[in-house]
Amino acid sequence: MKSIKIVFSLWVFSFAVTVSAAPLLNGLALEQQFNKELYIAAIYSENLSNDSAGLLNSDIPRRLEVRVLANSLPARRFRNQWMESIAINNSGNTLSSQAETMVTFANLFKGRLHRGDQLAIDFAADTGITTVSLNGITLGEIADPAFFNTLMRAWIGPVPPSTDFRDGLLAAGDIPAALRTSFEALEPTSERIAELQLKQIGQEEALAATQTPEKDEELSKPNLVDVDLAPPTMTLSPAVPATSEALEIVAESTQQAAQAASANSLAEGEPLEQQGNSNSEPTKLAAISPGNAAAAEIDEEFEEEEEAPLTAGMILARQIYASTLLRHTYNHIRYPKRAQERGQEGSVRLNVVINSRGEVQEILAVQESRFGTLNREAQAAVKRAAPYPAVPSQLGEETFSFSLPITFNLPD
């Protein structure tokens, strides 16, 4: 009887250690665009924290998770926005050293995400491996120990999608009950899981078939294009192949773009600096309607079929150029005096489309603050910033679209 008690005690202790080591839900953030709920993002950590530095601790296991609310969310749109945020929240050295890894990560996303889908990115502190899975099905692994923090900075770094988004993730476990309930209720259907399993099997078979047969040399080699591993692009227009190195591509655009592409200009990843007053006229917004939104989704679906393969250099060039555009805009933002006097703060996110010469073609309000003064200033800043540095010719883009997050914060 005594030996049984000892064994049972050891089992209880082992179970307790396992439970305590499991990452805890640190915070949740709701992502909305054009007044439409897209997904709920989550950060899990072994240690709860309300500070970015605490969550960027590579010595503990952590998880990033996305549960989809939208009925259909283009994977390219989702990953491109993430990559843009990565660019502005990480140093030039980080982007350069992880360019190949970014290609691997980007290639894991294709098609569309559906309501209930659960995208999980897990970091194992003991091995440094980041594992990406969708609805429990492993999509791939990345062995670079620093890569997980590169992804996380896009959410909780100096320039997050919005301050509310970052604050929600830095809740240290203090999460609104309604949001937690909505998050926990999002699950994929059995049909969706079966669909993904079949796709994975098909892709594995297609990849295996590309190996040269050892005995039957007359068999033709299948084309890898049939595997449907469409790489991403940072823009919403069709891309063409390019072979130049990323930093050279950006440098040939303008001297200003080249300077912004340097490691020094990106090393800090500094947040937006608020200053001054604005009396400029508001920029006119393009009309937004359900019809336009539906047309945009159709366009994105077409672009996935037409997208050309990207190299690590191309992804790096896009990230650096997108970062250049944001920093260029931030130099033209002024904190409206009226808003300062009234204590108005808030976040605005715009989607800006420029042509190859850097001239603004369209501005869409993806997210707006509660204050019209701040919303108008964000639009006016884009107008003042124009023309932007020209799109590097070797990117092969007639137009370039980028997401512009702006946060207005008053000093304490």
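Position 1 is the first residue of the sequence; numbering continues from there. Since we're looking at a predicted model, the values are computed, not measured.
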Between atom [atom1] of [X] and atom [atom2] of [Y], what is the distance when rounded to the nearest 0.5 Å?
X    : Y    : atom1 : atom2 : answer
E31  : S162 : CD    : OG    : 7.0 Å
D144 : E100 : CG    : CD    : 12.0 Å
E195 : Q197 : CD    : CD    : 10.5 Å
E191 : L196 : CD    : CG    : 12.0 Å
M102 : S96  : CE    : OG    : 11.0 Å
S323 : I86  : OG    : CD1   : 12.0 Å

Looking only at the side chains, is there a donor atom on one of [X] and [Y] sitting less than 3.5 Å from an acceptor on the other?
X    : Y    : value
R62  : S45  : no
N409 : T163 : no
S91  : T94  : yes
D117 : N135 : yes
N149 : S58  : yes
Q98  : T150 : yes

Side-chain donor/acceptor of [X] to backbone N/O of [Y], under 3.5 Å:
X    : Y    : value
Q118 : L186 : yes
Q340 : Y335 : yes
E84  : S403 : yes
N375 : F371 : yes
Q367 : R349 : no
S369 : V348 : no

Which heavy-atom pair separates [X] from [Y] by the least distance, and what is that distance?
X    : Y    : value
R166 : G157 : NH1-O, 2.6 Å
A154 : S85  : O-OG, 2.7 Å
L69  : R115 : O-NH1, 2.6 Å
L374 : A339 : CD2-CB, 3.7 Å
L28  : A42  : CD2-CB, 3.4 Å
S49  : G54  : OG-CA, 3.8 Å

(request) List the steps, then state whether side-chain hydrogen bond (donor to acceptor under 3.5 Å, both in side chains) holds for Q33 with R77. (result) CA-CA 12 Å; Q33 297 181 14; R77 171 180 164 189; 3.0 Å; yes
(request) Anything under 30° is parallel, anything over 60° is perpendicular, the rest tilted; go ahead and classify W82 against W155. (result)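 W82 vs W155 ring planes: parallel.
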(request) If the plane angle is over 60° it's perpendicular, under 30° parallel, otherwise tilted; pick one for F183 and Y44. (result)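 Answer is tilted, since the angle falls between 30° and 60°.
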(request) Please report the C-alpha distance between Y388 and T329 in whole Å, then the side-chain angles of each, then the deciding distance to 0.1 Å, and finally whether the side-chain hydrogen bond (donor to acceptor under 3.5 Å, both in side chains) criterion is met. (result) CA-CA 8 Å; Y388 284 84; T329 309; 2.8 Å; yes
(request) Would you check, one step at a time, whether the test side chain to side chain contact (heavy atoms under 4.5 Å, CB included) holds for L55 with N47? (result) CA-CA 8 Å; L55 292 178; N47 300 329; over 6 Å; no
(request) Given ring-ring contact (aromatic ring centres under 6.0 Å, His included), test Y321 with F400 step by step and report yes or no. (result) CA-CA 10 Å; Y321 181 57; F400 194 96; 4.8 Å; yes
(message) Check this for me, if you would: do E187 and R192 make a salt bridge, where the nitrogen-to-carboxylate-oxygen distance has to be below 4.0 angstrom?
(response)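 Looking at R192 together with E187, the answer is no, because their closest N to O distance does not fall below 4.0 Å.
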(request) Apply the salt bridge (charged side-chain N to carboxylate O under 4.0 Å, His left out) test between E377 and each candidate in R334, R384, K337; give the one that qualifies. (result)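 Single salt bridge (charged side-chain N to carboxylate O under 4.0 Å, His left out) partner of E377 among R334, R384, K337: R384.
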(request) Check the pair T399, I354 against side chain to side chain contact (heavy atoms under 4.5 Å, CB included), reporting the backbone distance first and the verdict last. (result) CA-CA 6 Å; T399 61; I354 59 176; over 6 Å; no
(message) Would you say the ring centers of F78 and Y39 fall short of 6.0 Å from each other?
(response)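 Here the rings of Y39 and F78 have centres that are less than 6.0 Å from each other.
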